Peer 1: 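Below are the structure tokens for one structure; questions will follow.
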Protein chains: 2
Amino acid sequence: MKEPQPKTAAATVADVARLSGVSKATAARVLGGYGTVSDKARDAVMLAAQELDYRPNELARSMTTGRSGTIGVVVGDIENPFFGSAVRGISDAARASGFNVVLANSGEDVEAERVAINTLVAKRVDGLIVSPAQESTVGHLEEIGQTGRPLVLLDRAIAALAVDSVTADDRQAAEALTRLLVERGHREIAYVTACDTPTHLYRDTGDILTASVRERIEGFLEVGAEAGIADMRRWVRLGANTSDATRRLTIDLLREGTPPSAIIASDSLIALEIFKVAREQGIDMPGALSLVTFHDAAWTAVTTPPITVVRQPVYEMGEAAAKMLIERLNGEQCAPRHLILPTQLVERASVAVRGHSDDGPRIRII
Amino acid sequence: MKEPQPKTAAATVADVARLSGVSKATAARVLGGYGTVSDKARDAVMLAAQELDYRPNELARSMTTGRSGTIGVVVGDIENPFFGSAVRGISDAARASGFNVVLANSGEDVEAERVAINTLVAKRVDGLIVSPAQESTVGHLEEIGQTGRPLVLLDRAIAALAVDSVTADDRQAAEALTRLLVERGHREIAYVTACDTPTHLYRDTGDILTASVRERIEGFLEVGAEAGIADMRRWVRLGANTSDATRRLTIDLLREGTPPSAIIASDSLIALEIFKVAREQGIDMPGALSLVTFHDAAWTAVTTPPITVVRQPVYEMGEAAAKMLIERLNGEQCAPRHLILPTQLVERASVAVRGHSDDGPRIRII
DNA sequence: AGCCCCTAAGAGACCGGTCTCTTTTTCAAA
DNA sequence: TTTGAAAAAGAGACCGGTCTCTTAGGGGCT
């Protein structure tokens with residue numbers, strides 16, 4: 001029935017036209033599904049197309065139409081389940097509207113991010129969804145707008161950039177988490193994040209170049225201040241961007257003169273590593289150490305104790321970002337929109353109640 | 001210095017040529033980095049390019065060169081950490097060789113897979129990496145070859161297809177897992193997989209359309225037979241392809257007259273759900289139920305008890321697949337290669353020793 | 001029959017690069 | 001100075017589609 005023709009070059013519209021005895025224009029109309037064509041011509045063309053195993057060349061099509069039907073996505077690390085879910089949301093929404101996804105990993109490195117964006121623009125993606133590594137370096141993001149392509153920021157908004165964004169309500173979430181701990185009697189609460197500064201030290205929120213993390217730290221500090229905890233800032237720990245770094249940082253933290261009685265992890269990868277360290281060191285959880293984290297990763301529900309988390313609607317964030325982008329591609333011209341999705345505190349069992357007398361069990365690592 | 005020109009159409013080689021006062025061909029030589037050009041001309045062109053904020057159009061370039069510098073990847077579900085790691089491996093290797101990745105989710109549905117492949121071919125990806133949903137339907141995979149594009153199968157080989165593949169040693173892994181359980185005295189061992197048949201019933205390995213799973217079940221059955229366990233086949237359970245399905249299936253399994261004393265989960269998503277069910281039902285693990293799984297997902301190390309797993313080199317599998325594909329793209333012409341990476345049994349604490357007297361604790365769910 | 005409108009089809013430019021082929025320039029050796 | 005080969009630059013076809021513009025037919029209406 002169908003003859004495989006491995007060596008022959010792929011059939012083109014012109015080939016089909018020739019075989020079916022119509023002009024290239026008519027064949028193109030049938031194959032491209034536009035214009036008006038008689039049934040007779042249509043049948044002839046379709047037959048010839050099948051005969052030649054014609055496959056349209058989207059590249060050529062994109063070239064003339066100026067639309068590639070492709071959206072570029074740049075995330076920090078697709079291996080992180082957070083981005084895994086987000087990309088799935090993006091990709092489902094994109095497919096529903098006939099778009100494809102080109103994926104690039106930045107490894108949270110701005111330079112890699114810049115290169116990736118340039119490549120994607122060169123490939124003529126119709127629009128981009130980016131989870132920017134840093135807020136301070138935005139030149140490459142601004143350039144996207146200059147090329148006339150819409151951009152949607154995912155998970156991390158940048159105030160200086162007048163573009164759409166989809167984020168979770170990080171500030172509120174951090175406040176809820178911190179307040180929970182404070183209400184349970186905790187006063188030594190550490191906040192551990194993958195974000196980093198050149199000195200690896202935290203002085204003020206201006207140091208933090210990732211909006212979502214900054215918001216969280218602000219919420220954390222504010223609730224601490226409200227509760228009258230002195231020098232809350234010293235409890236912020238940066239640079240937990242690899243499992244090794246997290247491990248070292250956690251051990252150092254727990255070895256200090258006054259170790260924290262509770263830790264807030266900025267993402268589930270960090271929480272996992274902290275959990276492992278605590279378990280290895282034989283630290284009773286939550287008795288001696290409470291742990292809460294952002295991102296309701298699948299595993300947080302099955303540990304002993306299960307972890308209290310803030311659930312971010314990650315899949316939905318990805319989905320919303322893609323939908324926003326596609327609206328822009330369909331001509332939506334409104335002012336930049338900032339969609340902030342609500343989070344949900346999921347209380348499980350990783351937070352202990354501490355007496356105010358400060359006589360709870362103490363961690364001791366040698 | 002640089003003038004943003006938002007409304008102006010993107011600058012082309014011809015524009016740059018005009019401004020710099022050279023021919024289009026010369027400008028193209030400079031911008032495209034080929035041919036020989038005088039320093040004077042080069043400088044003029046570069047200056048003009050900067051002035052106009054020239055950005056190359058990869059689409060146009062691909063059209064003439066016939067190479068898009070893009071590889072298409074079709075996986076079942078990017079949300080599954082298994083594929084997350086694999087895609088990261090692919091994407092890192094691809095980038096190292098200057099390739100981009102277009103990602104498509106099949107949702108383990110052959111029809112969606114077919115559509116995705118057609119789209120990717122239409123987009124003129126240089127080659128594809130596919131984790132095929134079914135072994136029985138290969139027409140769309142064969143067509144890839146007919147278009148002259150190399151294909152590498154990931155995680156699931158298909159004997160009928162003469163193409164490269166990268167898999168883990170599933171057979172050996174299943175044998176190791178089953179043998180471990182048998183040696184610990186287990187004789188009622190269930191195997192739970194996401195694969196399914198039209199009847200949802202398992203008769204023989206011919207029913208299983210995913211090579212990796214078939215190999216695993218064969219290994220499972222063989223070790224069972226060696227151990228003299230009667231009718232091992234009845235312990236194979238299919239259709240755990242959503243968390244709800246897994247949950248129902250697990251509860252049914254544990255309610256049977258003779259429930260299993262151990263379960264082998266075919267992937268970490270299934271294991272997670274089984275673990276949750278066991279915990280909810282108050283089943284002592286491993287005392288009343290042992291659990292082992294394929295895929296050393298991050299969480300398996302932190303549960304109580306931690307789960308004994310088979311570690312597959314997932315990232316490396318993705319990496320190897322991409323490297324193989326790129327070799328083909330660079331003209332490698334050898335016969336199809338089948339790379340089988342070794343797995344590793346990671347013994348943790350989810351397997352109990354059972355006495356031969358069959359008097360261990362029994363599961364009872366009402 | 002004459003006129004008009006509408007459908008169908010063809011011709012050919014165009015998108016933005018690459019690449020071949022040809023012509024001009026450069027420069028060193030004779 | 002002449003000569004010749006190599007280097008540099010230009011002209012224009014080409015990739016495979018889309019799309020505009022033009023021309024050829026086919027009723028319906030007066």
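First the proteins, then the strands, lettered A, B, ... as listed; each starts at 1. Predicted model, so just to flag it, every value in this text is computed and none were measured.
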Peer 1: Can you pull the salt bridge (Lys or Arg N to Asp or Glu O under 4.0 Å) pairs that have at least one residue in residues 122-135 of chain A, sequence neighbours excluded?
Peer 2: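 Passing the test, one end in residues 122-135 of chain A: A:Glu135-A:Arg214.
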
Peer 1: Rounded to the nearest Å, what distance is computed from the NZ atom of residue B:Lys40 to the C1' atom of nucleotide D:dA7?
Peer 2: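 To the nearest whole Å, that distance equals 14 Å.
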
Peer 1: Could you state the CG-C1' distance from B:Leu59 to C:dT18, rounded to the nearest angstrom?
Peer 2: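 In whole Å, C:dT18 C1' and B:Leu59 CG are 14 Å from each other.
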
Peer 1: Hey, are the side chains of B:Leu47 and B:Ser20 touching, using non-hydrogen atoms and a 4.5 Å cut-off?
Peer 2: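 Side chain of B:Leu47 against side chain of B:Ser20, heavy atoms only: no contact under 4.5 Å found.
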
Peer 1: Who are the side chain to side chain donor-acceptor pair (under 3.5 Å) partners of A:Ser62, not counting sequence neighbours?
Peer 2: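 In terms of side chain to side chain donor-acceptor pair (under 3.5 Å), with neighbours along the sequence ignored, A:Ser62 is linked to no residue.
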
Peer 1: Is there a side-chain contact between A:Thr36 and the phosphate of C:dA8, meaning an N or O under 4.0 Å from OP1 or OP2?
Peer 2: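 So the side chain of A:Thr36 is within the cut-off, an N or O lying under 4.0 Å from OP1 or OP2 of C:dA8.
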
Peer 1: Tell me, please, which residues at least two apart from B:Ser23 pass side chain to side chain donor-acceptor pair (under 3.5 Å).
Peer 2: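 Here the qualifying residues are B:Thr26.
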
Peer 1: Who pairs with B:Thr210 by side chain to side chain donor-acceptor pair (under 3.5 Å), at least two apart in sequence or on another chain?
Peer 2: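 So B:Thr210 forms no side chain to side chain donor-acceptor pair (under 3.5 Å) with any residue.
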
Peer 1: Pairs in or reaching into residues 314-324 of chain B: which pass side chain to side chain donor-acceptor pair (under 3.5 Å), with residues at least two apart or in two chains?
Peer 2: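 Every pair satisfying side chain to side chain donor-acceptor pair (under 3.5 Å) with a residue in residues 314-324 of chain B: B:Asp92-B:Tyr315.
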
Peer 1: Output one line per pair: protein atom, nucleotide atom from nucleotides 14-16 of chain D, and distance, for all N/O pairs under 3.5 Å.
Peer 2:
none

Peer 1: Please check the phosphate of D:dA9 (OP1 and OP2 only) for any side-chain N or O of B:Ser38 closer than 4.0 Å.
Peer 2: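 Yes.
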
Peer 1: On DNA chain C, nearest-nucleotide positions of B:Gly32 versus A:Asp39: which is more 5'?
Peer 2: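 Here A:Asp39 is the residue nearer the 5' end.
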
Peer 1: Please list, chain by chain and in numerical order, all residues satisfying side chain to side chain donor-acceptor pair (under 3.5 Å) with B:Thr137, sequence neighbours excluded.
Peer 2: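 B:Thr137 satisfies side chain to side chain donor-acceptor pair (under 3.5 Å) with B:Gln134 only.
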
Peer 1: Atom CG of B:Asn100 and atom OG1 of A:Thr70: how far apart are they, to the nearest 0.5 Å?
Peer 2: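 Nearest 0.5 Å value for the CG-OG1 distance: 11.0 Å.
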
Peer 1: Which pairs count as salt bridge (Lys or Arg N to Asp or Glu O under 4.0 Å) when at least one residue sits in residues 101-114 of chain A, sequence neighbours excluded?
Peer 2: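 Every salt bridge (Lys or Arg N to Asp or Glu O under 4.0 Å) pair that includes a residue of residues 101-114 of chain A, provided the two are not neighbours, is A:Glu108-A:Arg156, A:Glu111-A:Arg114.
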
Peer 1: Side-chain donor-acceptor pairs under 3.5 Å in residues 157-166 of chain A, sequence neighbours left out?
Peer 2:
{"unit_1": "A:Asp164", "atom_1": "OD1", "unit_2": "A:Arg328", "atom_2": "NH2", "d": "2.9"}
{"unit_1": "A:Asp164", "atom_1": "OD1", "unit_2": "A:Arg337", "atom_2": "N", "d": "2.7"}
{"unit_1": "A:Asp164", "atom_1": "OD2", "unit_2": "A:Arg328", "atom_2": "NE", "d": "2.8"}
{"unit_1": "A:Asp164", "atom_1": "OD2", "unit_2": "A:Arg328", "atom_2": "NH2", "d": "3.4"}
{"unit_1": "A:Asp164", "atom_1": "OD2", "unit_2": "A:Arg337", "atom_2": "NH2", "d": "3.1"}
{"unit_1": "A:Ser165", "atom_1": "OG", "unit_2": "A:His338", "atom_2": "ND1", "d": "2.8"}

Peer 1: Which one, C:dT7, C:dT18, D:dA9, comes nearest to the side chain of B:Ala28?
Peer 2: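 Of C:dT7, C:dT18, D:dA9, C:dT18 is nearest to the side chain of B:Ala28.
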
Peer 1: Using a cutoff of under 3.5 Å, can you pull out all pairs of nitrogen or oxygen atoms linking the protein to nucleotides 20-27 of chain C, with atom names and distances?
Peer 2:
none

Peer 1: Remember a base hit wins even if backbone is also touched, and classify A:Ala14 as base, sugar-phosphate or nothing at under 4.0 Å, heavy atoms.
Peer 2: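 The residue A:Ala14 makes no contact with any strand.
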
Peer 1: Please report the end-to-end axis angle for the helix from C:dA1-D:dT30 to C:dA30-D:dT1, five pairs per end, rounded to 10 degrees.
Peer 2: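 Taking five pairs per end, the axes differ by 50°.
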
Peer 1: Indicate every side-chain donor-acceptor pair of residues 27-40 of chain A with a distance under 3.5 Å to a residue at least two apart or in another chain.
Peer 2:
{"unit_1": "A:Ser38", "atom_1": "OG", "unit_2": "A:Ala41", "atom_2": "N", "d": "3.2"}

